[in-house]
Asker: 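Before I ask anything, let me first share the structure, which is written out below as structure tokens.
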Amino acid sequence: MSGLSRRLEDVLNTRRSNGLYRHRIELQSPQGSRVRVGERNLLCFCSNDYLGLANHPAVVAAMQKGAAEYGVGSGASHLVAGHSSAHAELEERLADFTGRSRALLFSTGFGANLGVLTGLLGRGDSVFEDRLNHASLLDGGLYSGARFRRFLHNDPTSLEVHLQSASTDGLRMVAVDGVFSMDGDLAPLKELAAVTARQDASLMVDDAHGFGVLGDSGAGSVEYADLGEQDVPILMATLGKALGTAGAFVAGSDDLIDALVQLSRTYIYSTALPPAVASATLKSVELLAEESWRREHLKALIQRFRVGAGELGIELMPSETPIQPIMLGSPETSLRWSESLLRRGLLVTAIRPPTVPEGTARLRITLTAAHSEEDIDQLLDGLNELA
Ligand SMILES: *Cc1c(COP(=O)(O)O)cnc(C)c1O
């Protein structure tokens, strides 16, 4: 057997025997509260389409119109010939919406985080990250070549201790998730911004799960914490979650955006998003700004779920966001719960290491504005059988 074959067999066998083997289910329908998988219609509680915009008729129509106007592919990277008026208009709209000077589109959130951290940091610099940060922030920090430190989850004191003992040479960057993707809790952004400023460092927030959901206008966890461009000079958010489309953006000062265009390899060497995706996203932002009922409905569903789960004696994590995990510990128990819910027509994925730390496998339930109160009750019925 070749080295490669042996390696592949080893890796796959280890994953299978530890309950960590992953597979994909295949959807035959759009995103929504109900999805079609094989012969079954399932009530879905694991999508990040928090506002139910991924299949909104107006967003779909905007994408079709965008495709009619610009075609399907962007054809090149932004710096070559791939940057269209649709991209430019969306960048302006996103900067305006988040109260930042400028915004820059990336094709994926993973690429945006890699591009920012590896573009701005290098040897001689330092980066400080919450230990539960998304993989893309952690990888970006590691690949950057900067000194890399992890501080305790949501602990501004732990961050301050690290900042005090670290080198003051070079750039010092603190990077956190605004909403932690597997736990649903919020970063204490006000406190983190204060520590960061006091210790002469700069704060970057990845708001993939807060943008569109939190804040009075839906501008996310920085709006919720009332922090401007001075406090959070680097704001990143994705468009594939609450906005229902795809891609990501980074927002900040004129110089930040200019520098990223020069330095960010995932920006420079990657094909621009299809312009029609930008057209669709413009419509999503419009719906977000004009129709706050989705956020309010979602908030009511979160409340209903938490109260209901409490009545069943199910312990939830301290989350006020649509991410409502149930911590089960072992991968096997998580899979068993997920499979049992599936038999009742409820789709909830088990999240296992290495996505989450060892010993913290869980069900990750996500609620969306597309759900009804009856959907939540059905989920609670399913959980009641297991609890
Ligand atoms: C989803 C996610 C990303 C990656 O964004 P993509 O556009 O899906 O590549 C980055 N950070 C966080 C916190 C995320 O949840």
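Remember, it's a predicted structure, so these values are computed and weren't measured experimentally. Counting starts at 1 for both ligands and their atoms, following the listed order.
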Asker: In this structure, which one of Asp177, Asp207, Thr321 forms a side chain to side chain donor-acceptor pair (under 3.5 Å) with Ser221?
Answerer: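 Checked Asp177, Asp207, Thr321 against Ser221; only one passes side chain to side chain donor-acceptor pair (under 3.5 Å): Asp207.
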
Asker: So between Met236, Met182, His209, His134, whose heavy atom ends up nearest atom 3 (C) of ligand 1?
Answerer: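 Considering heavy atoms of Met236, Met182, His209, His134, the nearest to atom 3 (C) of ligand 1 sits in His134.
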
Asker: May I ask you to check whether Ala208 has an N/O atom sitting below 3.5 Å from an N/O atom of ligand 1?
Answerer: no

Asker: From atom 12 (C) of ligand 1, work out which of Asp206, Leu239, Ile323, Leu137 has a heavy atom at the shortest distance.
Answerer: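 Looking at heavy atoms only, the winner is Asp206.
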
Asker: Enumerate the atoms of ligand 1 whose separation from the nearest heavy atom of Thr238 is less than 4.0 angstrom.
Answerer: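 Listed by number with element, the hits are 5 (O), 7 (O).
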
Asker: Run through His297, Glu291, Glu296 and flag the one making a side chain to side chain donor-acceptor pair (under 3.5 Å) with Trp293.
Answerer: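 In the set His297, Glu291, Glu296, the residue that makes a side chain to side chain donor-acceptor pair (under 3.5 Å) with Trp293 is Glu291.
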
Asker: Within a distance under 4.0 Å of any heavy atom of Lys241, pick out the atoms of ligand 1 and give their elements.
Answerer: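 Once the distances to Lys241 are compared, the set is 1 (C), 2 (C), 3 (C), 14 (C), 15 (O).
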
Asker: Which ligand 1 atoms, with their elements, are less than 4.0 angstrom from a heavy-atom of Ser136?
Answerer: 10 (C), 11 (N)

Asker: Between Leu138 and Arg131, what is the shortest heavy-atom contact and its length?
Answerer: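 So the two residues come closest at CD1-O, 4.5 Å.
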
Asker: Just heavy atoms, cut-off under 4.0 Å: does Thr108 contact ligand 1 by side chain, backbone, both, or neither?
Answerer: both

Asker: Considering only heavy atoms, which of Phe110, Phe180, Phe106 lies nearest to atom 9 (O) of ligand 1?
Answerer: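 It is Phe110 whose heavy atom sits nearest to atom 9 (O) of ligand 1.
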
Asker: Please go through Phe180's hydrophobic cluster and name the other residues, only I, L, V, M, F, W, Y counting, with side-chain heavy atoms under 4.5 Å joining them.
Answerer: Leu132

Asker: Out of all atoms in ligand 1, which are within 4.0 Å of some heavy atom of Gly109? Include the element for each.
Answerer: 4 (C), 5 (O), 6 (P), 7 (O), 9 (O)

Asker: How far apart are the closest heavy atoms of Leu152 and Ser158, and which atoms are they?
Answerer: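 Nearest heavy atoms, Leu152 then Ser158: N-OG, 3.0 Å.
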
Asker: If you take all heavy atoms of Arg364 and Ile351, which pair is closest and at what distance?
Answerer: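 Minimum heavy-atom separation between Arg364 and Ile351: CB-CG1, 3.5 Å.
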
Asker: Does Phe305 have its ring centroid less than 6.0 Å away from the ring centroid of Phe45?
Answerer: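 Ring centroids of Phe305 and Phe45 are no less than 6.0 Å from each other.
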
